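Here's the structure, in C-alpha cells; my notes come after.
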Amino acid sequence: MKLLFEKGSPGRTGTTLPALDVQRSDRVPDSVRRREDAALPELSELDVIRHFVNLSRKNMGIETSFYPLGSCTMKYNPRFHEDVASFTGFAGLHPRLSLLPEGEEYCQGALRAVFEAERFLAELLGFADFTMQPLAGAHGEMTGLMLIAAFHEAKGEDRSVMLIPDSAHGTNPASATLAGFSARVIGTDAFGNVDLASLEKALGPDVAGLMLTCPNTLGLYDANVRQINEMVHASGGLVYADGANLNAIVGRVRPGDLGFDIMHINLHKTFSTPHGGGGPGSGPVGVCAKLVPFLPVPHIQEHSNGSLRLKHESAYSVGPVAPYYGNFLVILRAWAYMTTLGIEGFRRVSENAVINANYLRVRLQQAYKPAFERACLHECVLSASAQARLGVRALDIAKALLDRGFHAPTIYFPLIVEEALMIEPTETESKETLDAFISAMLEIAALAESAPDAVTAAPLTMPVRRLDETTAARRPDVAALDLEETP
Amino acid sequence: MPYIANTAQDRKEMLQAIGVESFDELWHLADVHESPPRFNLPEKGLSELEVLAKLGTLARENRTDLICFTGGGVYDHFVPAAISHVVERGEFLTSYTPYQPEASQGTLQAVYEYQSAMCRLTGMEVSNASLYDGGTALFEAILMALRRNRRRKVLIAGTLSPIYQAMVRTSSHHLAAEVRVTSDEPDQCADELLKSLDEETSSVVIQYPDFYGTIRDWTPLVMKAREKGITPICSVYPLALALLKTPGEMGFEIVTGEGQSLGIPLSFGGPYLGFMTTTSDFMRKMPGRICGRTKDLSGKPGFVLTLQAREQHIRREKATSNICTNESLCALRAIIYLALMGKTGFRRVGELCASKASFAAETLISIPGVRLASSDGFFNEFVIELPVDAKPVVSQLLRKGFMAGIPLGAFREERNKQVLLAVTEKRTREEIVGLAEALGGAL
C-alpha cells in the first residue's frame, strides 16, 4: 500500500475548522517563524479514513484471531470500556484542574476512580498502598526499583546489587541498570524454580533485593517462594514481584501475603485493557507498609469528610514518575473490569487461564517437548528442539501458524529454553478455539517431518512474505523524509 | 461468568484430558499450596448496565464545562471525531507489539508514517515509535546524551516545565550525573545557559516555547553547545511547530515532547504520547521501538521493527533503555490527526491559536492594572501579571466557570501575581471577552 505521503493532491484537507472570529495577528517573532509549512499529507477525510481502515485490515488482533502470545495475556478487552473512556466527564477533563486552587473539588469523580482502583488493587494483592502513576510495566519496574533504592538510602545502607533470575524478562535487568543497580544473575534448578544454592551464594550485604516473576516466565509456580523471600529479607534485601504473570494466581494468592515487599502489575494484561499495538499500558506499583512513605507524589488521600485531596509533598517520596495520575483512561477501564468481575470473577479468571494452559500443554506434548515435565499455571513453555533437528525452527512454526489463522506464541523466550514456544491462551478462549489451535500445531509438527520446506516457506497468506530484517537493520530506512526540508 | 466461554462441561472434559479430577487437584499439582485468602472486597461483580451507571455518576462529578484557558503542557485542542472511530478498529486496538511483522503490517506502516511525520514536523531525520509522555521522553534524551559523550553534567533551562524538572530529578537521582537548573527568568536563563557551557557538560535542555510561553531563536546557543561537544536537547510543543521554526533548523540534536496536542483528548493526564526525534548519528543510541521499511522475499515493500540490538529483550542490562510497551495507539492518533489536518489544516490550527492568543493578551491587558509579564514573543501561551495575588482570583474565576490559567506563585513566591494562560482554536471571541469581563470584575 502507498504511503500517506505518496497520496493526495495540493490544497486538500481532511477537516473543517471555524472561521477566525478575531483579527488575524500573532506574536511570533520573525526570527523563529517557520518558512514553509510542514510537509504533511494533503488528503480528504474519506481518503484518510480509507487509508487507515485498509491498514488495519493487515493486522491480526485479539478480535480477529486467537493470540496466544506468552507473557502478554492477550485476553478479550470488553467493548463497553471504550465507551466509558470516551465519556466527556473523563476524556474532556484537564489534569491541571486538580492542581488549581480549590480545583480538586471540580474533579472528585476522576480522583475517586483512581483512588478506588488503588484501594481495590491493594486489597486484592495484599499490599498497604499503590501508586497508579507508572505508565507501563517497565516503568513500574523502574519505579519499584527506585523505591527500593530510596529505602536503603534512608537507612544509610549502600546496597548496589539487584538479583535477577536467568529466566527473567529483559526489562528486569534493563530497569535495574537504569535505577543505578548492577544486575547479578541467579540460576534455575532442574524443576524450573529458583536455584536456592545459587541464591544463597549470591546474597550478601551488597544486595539491595531480588526481582522475582511470580509465577515465573516458564509459567511455573515456585513452591519455595516464601522461603526465597525470607532468605532475601534475612540478608537485609527487599523482594520485588514482577506481576507480568499475575493472571495465573489473581483472586487465589495474594503476593503481599507471600512476603513480597513491592510489586508492579500490568493493567493491560491482567486487567484487560487493550494493548493498542504496543501501548498505552499502565504499570501500577504496590508496596508493603514500610515502603509507603517513599511512594511517588502527588498521591490521592481521602479526608474524614469523604472528599479526596492530593498530597504533593512527602519527606521521603521519590518524587513524581509521571506528570499526573498515570494513564487515567487505562485505569478507568481497569476499574470497570474489577467492578464487573468481583472476587468471584477473578477466581474464575485464574481457574480458566490455568485449565486452558494445561489443556494445551497436555495435548501438545505428544509433538512438542515441554520445557519442564510438570503442571504449569497460565502459560505453557514448549520446545521445538525436536523440530529444529529436522530444519524447522520455532520461528518457522510461528509463521506457519499465521497462515492457519492464529497469531504466533512468544518465541525464543525464556532464553534458557532451546527453541522456546511460550503459549498463553488466557481464560477468555473457548475449548473449540484451543482444539483448532492444537490441530494446527499438530499438523505443523507432522509437516515438519514429512515436508519441512512447506513449513519454512510460511507465511504465504499474509499481506507480505518473510521480510528482510538484516538489510532493514544494516541500511535503516526509518522515515520518508521530505527531501527539500531535510537539514 | 463475565467474558469466560468455557462451561462446566467444557472444563470437565479438559480436566479429564489433563488427567485430573478437579481444578483443585491441578492447582496442587502445579505446586501451589497457599490457603485461599479472604478479601475485604465485593464477592460478586456487577453487570455492564450497573457499571456504566456507576461510572456515569463519577463522570458527572467532574467539571468539563469550564471554559479552558489552561495549558502548561496539556492543551484543550480540537480532536476530529474520525480519529477515535479509526483507532477503535479491533485490528489496531487489540493487537500488540508487532513481533510478527507479517501479521502486523497495518500497525507497522502506521508507525513508519508517524515516524516520517514527526521528522518532518521537527526537522529531524529519525524518530522512534513513541515513548510514554513528554517528561519521560526528555529523561530518555538526557540518558542518550550521557551515553554518547560520557560526560557528567546536565544543564537544564529553568524555563522547563516544573513537572518535567521534578520528573528528571526523580529519575536521575541514582545516576552519576550532576543536574544543574538555571533561573526561570527567560533572559537570565539564556545568559546562564550560555555561560555554563563547558567541556564537562553532557547536554543542555531547552523547552520551546518555554513553560511561560516565551519563544526565542536558540540557534546561537545550540551552535556554541555543539562546538563544545554538548548535545542540545529541545522539548517542544508540537502544535506550535505549525508556525514556528523547527528545532532541527536551529541545530538541536535531540527533540522530545508531549504529543497530546496532536489529536489526543485531555484525559485527566493520560494516556498521552512521548515522542523523540533525532539525527542519524544518534539513531543507534535511541531508546524504544523503531520501525523500518524493507522488502519481503518476493521483493514487495514491507515494514519491520528494526535496530533491535539496542533493546532490552536482546541486550538486557546493556540495553539503551528498559522501555518495552510504549504508547502505540496514541501515536496512531497523532498520525491520523496530522493526516486529517494536512499541510494547510495544520497551519490553520496554528494561526487560529496564535491569533486568538494575541487577541486575548490585548483584551486582558486593557483591564486596568493587568499587564504582560514579558515583552517576548509567544505562540498561544503567555503570562499576565495582576495587581493582586493571583491565587484567589483564579479560584474566584473557577467558580464563575473559567479555568483562567495557572497561578505561578506555587512555583516561585515572587511570581505570585502572575497567571499563565493558553488559548487554543476552540476558544471563541465571546469566551475571551467573557474571561476579560470576569477578570475585571474579580480585581
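Predicted, not measured: the structure shown is a model, and the values here were computed from it. Convention: sequence-line order gives letters A, B, ...; per-chain numbering from 1.
- Both the backbone and the side chain of A:Cys107 come within less than 4.5 Å of a heavy atom in chain B.
- Only the side chain of A:Leu100 comes within less than 4.5 Å of a heavy atom in chain B; its backbone stays farther off.
- In this structure, chain B has a heavy atom under 4.5 Å from the backbone of A:Glu429, while its side chain stays farther away.
- Residue A:His51 touches chain B through its side chain alone, counting heavy-atom pairs closer than 4.5 Å.
- In this structure, the portions of A:Pro320 lying under 4.5 Å from any heavy atom of chain B include both its backbone and its side chain.
- The pair A:Arg112-B:Glu61 fails the salt-bridge criterion, with no side-chain N (NZ, NE, NH1 or NH2) lying under 4.0 Å from an Asp/Glu carboxylate O.
- For the atom pair SG (B:Cys291) and CD (B:Glu113), the distance works out to 9.5 Å, reported to the nearest 0.5 Å.
- For A:Ala472, the parts lying under 4.5 angstrom from a heavy atom of chain B are both the backbone and the side chain.
- With a threshold of 4.5 angstrom between heavy atoms, A:Phe52 approaches chain B through its backbone and through its side chain.
- Using a 4.5 Å cut-off between heavy atoms, B:Arg169 makes no contact with chain A at all.
- Scanning for salt bridge (charged side-chain N to carboxylate O under 4.0 Å, His left out) contacts around A:Arg254 gives A:Glu123, A:Asp257, with sequence neighbours left out.
- Listed options A:Gly14, A:Ala91, A:Gly109 were ranked by heavy-atom pairs under 4.5 angstrom with chain B; first place goes to A:Gly109.
- Contacts between A:Met74 and chain B at a heavy-atom distance below 4.5 Å involve the side chain alone, from C-beta outward.
- With a threshold of 4.5 angstrom between heavy atoms, B:Pro37 approaches chain A through its backbone and through its side chain.
- Contact annotation for A:Leu220: neither backbone nor side-chain heavy atoms come within less than 4.5 Å of a heavy atom of chain B.
- Only the side chain of A:Thr177 comes within less than 4.5 Å of a heavy atom in chain B; its backbone stays farther off.
- Residue contact with chain A, scored on non-hydrogen atoms closer than 4.5 Å, involves the side chain of B:Val86 exclusively.
- Atom OG of B:Ser95 sits about 4.5 Å away from atom CG of A:Asn59, to the nearest 0.5 Å.
- Looking at B:Met1, the atoms closer than 4.5 Å to chain A (heavy atoms on both sides) all sit in the side chain, from C-beta outward.
- For the residue pair B:Asp296 and B:Ser298, a side-chain donor N or O sits within less than 3.5 Å of a side-chain acceptor on the partner.
- Only the side chain of A:Tyr76 comes within contact range of chain B, with heavy atoms under 4.5 Å apart.
- Looking at A:Glu45, both its backbone and its side chain come within 4.5 Å of chain B, counting heavy atoms on both sides.
- Interface summary for chain B: among A:Ala176, A:Gly345, A:Gly278, A:Ala375, the most heavy-atom pairs under 4.5 angstrom belong to A:Gly278.
- The residues A:Lys75 and A:Glu427 are annotated as salt-bridged, a charged nitrogen and a carboxylate oxygen being separated by less than 4.0 angstrom.
- Shown here are the side-chain contact (heavy atoms from CB on, under 4.5 Å) partners of B:Thr325, two or more places apart in sequence or in another chain: A:Ala136, A:His268, B:Tyr96.
- For A:Val362, the part sitting under 4.5 Å from any heavy atom of chain B is the side chain, from C-beta outward, and nothing else.
- The structure places CZ of B:Arg63 at 8.5 Å from CG of B:Leu398, a figure rounded to the nearest 0.5 Å.
- For A:Phe90 and B:Phe268, the distance between ring centers is not under 6.0 angstrom.
- If you measure heavy-atom distances from A:His169 to chain B, the contacts under 4.5 Å come from the backbone alone.
- With a 4.5 angstrom heavy-atom cutoff, B:Arg289 does not touch chain A via any of its atoms.
- Ranked by heavy-atom pairs under 4.5 Å with chain A, the first of B:Glu13, B:His313, B:Gln115, B:Arg89 is B:Arg89.
- Using a 4.0 Å cut-off between charged side-chain N and carboxylate O, B:Lys343 and A:Asp37 make no salt bridge.
- With a 4.5 Å cut-off on non-hydrogen atoms, B:Ala129 does not touch chain A at all.
- Top candidate by heavy-atom pairs under 4.5 Å with chain B, chosen from A:Met146, A:Gln108, A:Glu42, A:Arg24, is A:Arg24.
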